[in-house]
Amino acid sequence: MSTPTIVWLRRDLRLADQAAFHAAARQGPVIPVYVLDDEVAQHRRMGGAARWWLHHSLRSLDADLRALGSRLVLRRGRSHEELAAIRRETGARTVHALHHYEPWWRNAERAVAQHFDLRLHHGNYLAPPGSITSGGGGPYKIFTPFWRALQQRLPPPMPLPAPQHLAPPAFWPASDPLGRWRLLPSAPDWAGGLRDHWQPGEAGAQSRLARFVVQAPSYEQRRNLPSVGGTAMLSPHLHFGEISPAQIWHAVAGLGGSVETFLGELGWRDYAQNVILQLPDYGSRNGKTQFDALPWRSGDAAEADLAAWQSGRTGYPIVDAGMRELWHTGWMHNRVRMIVASFLIKHLLIDWRRGEQWFWDTLVDADYAQNSVNWQWSAGSGIDANMFVRIMAPLSQSEMFGAGDYIRRWVPELASLPDSQIHDPVRRPDGYPRPIIGHAEGRARALAAFAAVKGK
DNA sequence: TACATATTACC
DNA sequence: GTAATATGT
């Protein structure tokens with residue numbers, strides 16, 4: 001029997017269009033390995049919602065592998081140590097994996113490469129991050145020119161087929177029982193809403209894509225209406241790599257209508273990855289250093305406001321609906337994400353990193369690049385040019401995007417109010433709070449604080 | 001071919 | 001305001 005090859009899985013938990021599986025399957029026996037490696041220094045520990053998703057995604061991948069005559073080996077610890085142990089157990093000398101760009105993988109990959117012939121493949125982005133450079137040869141800072149340049153590289157390669165069979169090794173290395181990792185919440189079980197809304201795994205990703213394909217041509221008209229829900233809801237599947245952007249691209253490109261707008265969102269995902277590649281600390285450091293001087297609020301009053309925001313009790317119906325949707329389902333509509341982020345940063349004048357941390361813990365799609373880039377975009381602290389202090393008015397956004405039914409769904413205290421009242425109720429039903437800050441007051445405070453750091 | 005300056009746009 | 005490019009010297 002020939003020497004087995006390791007497929008080292010990270011956020012690429014799929015069989016189709018998975019270049020590491022594709023390459024390894026042709027070399028003989030394959031050992032698929034997932035190492036839970038987020039407890040080491042520098043590695044951001046996954047949040048609670050993401051851990052719930054990971055549990056189910058790993059179980060799904062293991063079932064899919066067993067149907068091919070294989071299985072998933074689970075190990076916990078430092079990636080290079082666990083892989084080296086498997087090498088000693090099985091004699092494997094080659095590791096196939098996909099490229100990942102979170103800063104903590106740099107050291108891990110270097111260490112793995114000391115023990116193995118490490119073959120890294122592309123395939124989790126439309127184009128390899130770092131490969132799109134501006135006329136001056138440097139990385140892009142602004143989305144639009146980046147996207148124009150990326151489009152020159154499209155279409156992405158045709159998706160690779162899933163392997164039909166994966167030869168098992170002569171014997172399997174030890175594998176942890178998934179349950180021992182305790183990725184699921186113990187009491188209280190807060191995951192009921194997640195179970196109702198999501199099907200983690202490759203099959204769930206494909207069915208979500210199939211549902212979206214028929215709606216993709218009307219994406220433009222529907223995507224900003226939280227009551228309608230015209231977005232693809234593929235973000236957690238993409239984050240865990242249960243589906244590739246190339247698969248999505250080839251499923252929707254050419255359908256007409258506003259598909260181009262949707263593809264721009266896939267482009268934004270590539271863009272964010274390119275930003276953290278040039279600035280690995282983007283999740284904790286302002287892109288523009290003058291924002292380091294911004295007088296964010298702190299202390300008991302700010303902490304109380306943060307808690308009200310987190311629990312959906314700000315007294316702004318659209319903000320509260322979004323925050324409760326997040327808590328219940330692990331996801332929030334994109335338009336509402338922008339509104340709640342603006343509210344925290346501008347109206348409450350709370351550091352964007354606090355919001356980023358909350359999203360990191362509660363979103364099933366929590367992604368280092370996306371979360372960092374999007375929060376810095378909301379704060380205006382990022383490297384992308386940004387002329388004014390953008391302060392979204394929650395009430396007019398709520399009206400403009402017809403959020404009435406969305407609010408009724410997530411803020412049941414307000415369910416009986418008519419459209420004329422629901423965005424800004426004059427009489428607050430029992431138990432629904434008054435606004436924790438007035439719009440004009442919050443706006444003025446934010447303008448003063450941001451003016452202090454603008455213009456150098 | 002370098003470098004300055006004008007133009008355009010900023011999900 | 002400033003990134004990126006087009007245009008000028």
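Chain letters run A, B, ... following the sequence lines, proteins first and then strands; every chain starts at 1. Predicted, not measured: the structure shown is a model, and the values here were computed from it. Atom set for the values below is all heavy atoms of this structure, side chains included, hydrogens, waters and symmetry mates excluded.
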Do W104(A) and Y368(A) have their ring centres less than 6.0 Å from each other? yes
Protein-nucleotides 6-8 of chain C N/O pairs under 3.5 Å:
none

Contacts of type ring-ring contact (aromatic ring centres under 6.0 Å, His included), residue [X], not counting sequence neighbours:
{"X": "H55(A)", "answer": "none"}
{"X": "H250(A)", "answer": "none"}
{"X": "H56(A)", "answer": "W52(A)"}
{"X": "H333(A)", "answer": "none"}

DNA chain B: 5'-most and 3'-most nucleotides touching chain A, 4.0 angstrom heavy-atom criterion: dC10(B) to dC11(B)
Keeping T133(A) on the side-chain end and G138(A) on the backbone end, is there a donor-acceptor pair under 3.5 Å? no
Rounded to the nearest 0.5 Å, how far apart are CG of L160(A) and CD of Q18(A)? 9.0 Å
Once you round it to whole Å, what is the distance between [atom2] of [N] and [atom1] of [X]?
{"X": "I383(A)", "N": "dT2(C)", "atom1": "CD1", "atom2": "C1'", "answer": "12 Å"}
{"X": "N274(A)", "N": "dA3(C)", "atom1": "CG", "atom2": "C1'", "answer": "16 Å"}
{"X": "I132(A)", "N": "dA4(C)", "atom1": "CD1", "atom2": "C1'", "answer": "15 Å"}

Which label fits W8(A) and W105(A): parallel for a plane angle under 30°, tilted from 30 to 60°, or perpendicular past 60°? perpendicular
For a quick check of understanding: with a heavy-atom distance under 4.0 Å over all strands, which category does F388(A) fall into, base, sugar-phosphate or nothing? nothing
Should F240(A) and L58(A) count as side-chain neighbours, where that means a heavy-atom distance under 4.5 Å? no
Which residues satisfy the side chain to side chain contact (heavy atoms under 4.5 Å, CB included) test with [X], sequence neighbours excluded?
{"X": "I437(A)", "answer": "F343(A), H347(A), L348(A), E441(A), R445(A)"}
{"X": "F146(A)", "answer": "I132(A), Y140(A), L150(A), D270(A), Y271(A), N274(A)"}
{"X": "A366(A)", "answer": "W360(A), L363(A)"}

Check salt bridge (Lys or Arg N to Asp or Glu O under 4.0 Å) between R11(A) and all other residues, then give those that pass, not counting sequence neighbours. E102(A), D367(A)
Near DNA chain C, counting only heavy atoms under 4.0 Å, which residues of residues 144-153 of chain A show up? P145(A)
Give the residues of residues 257-268 of chain A touching DNA chain C, defined as any heavy atom closer than 4.0 Å, sorted by residue number. none
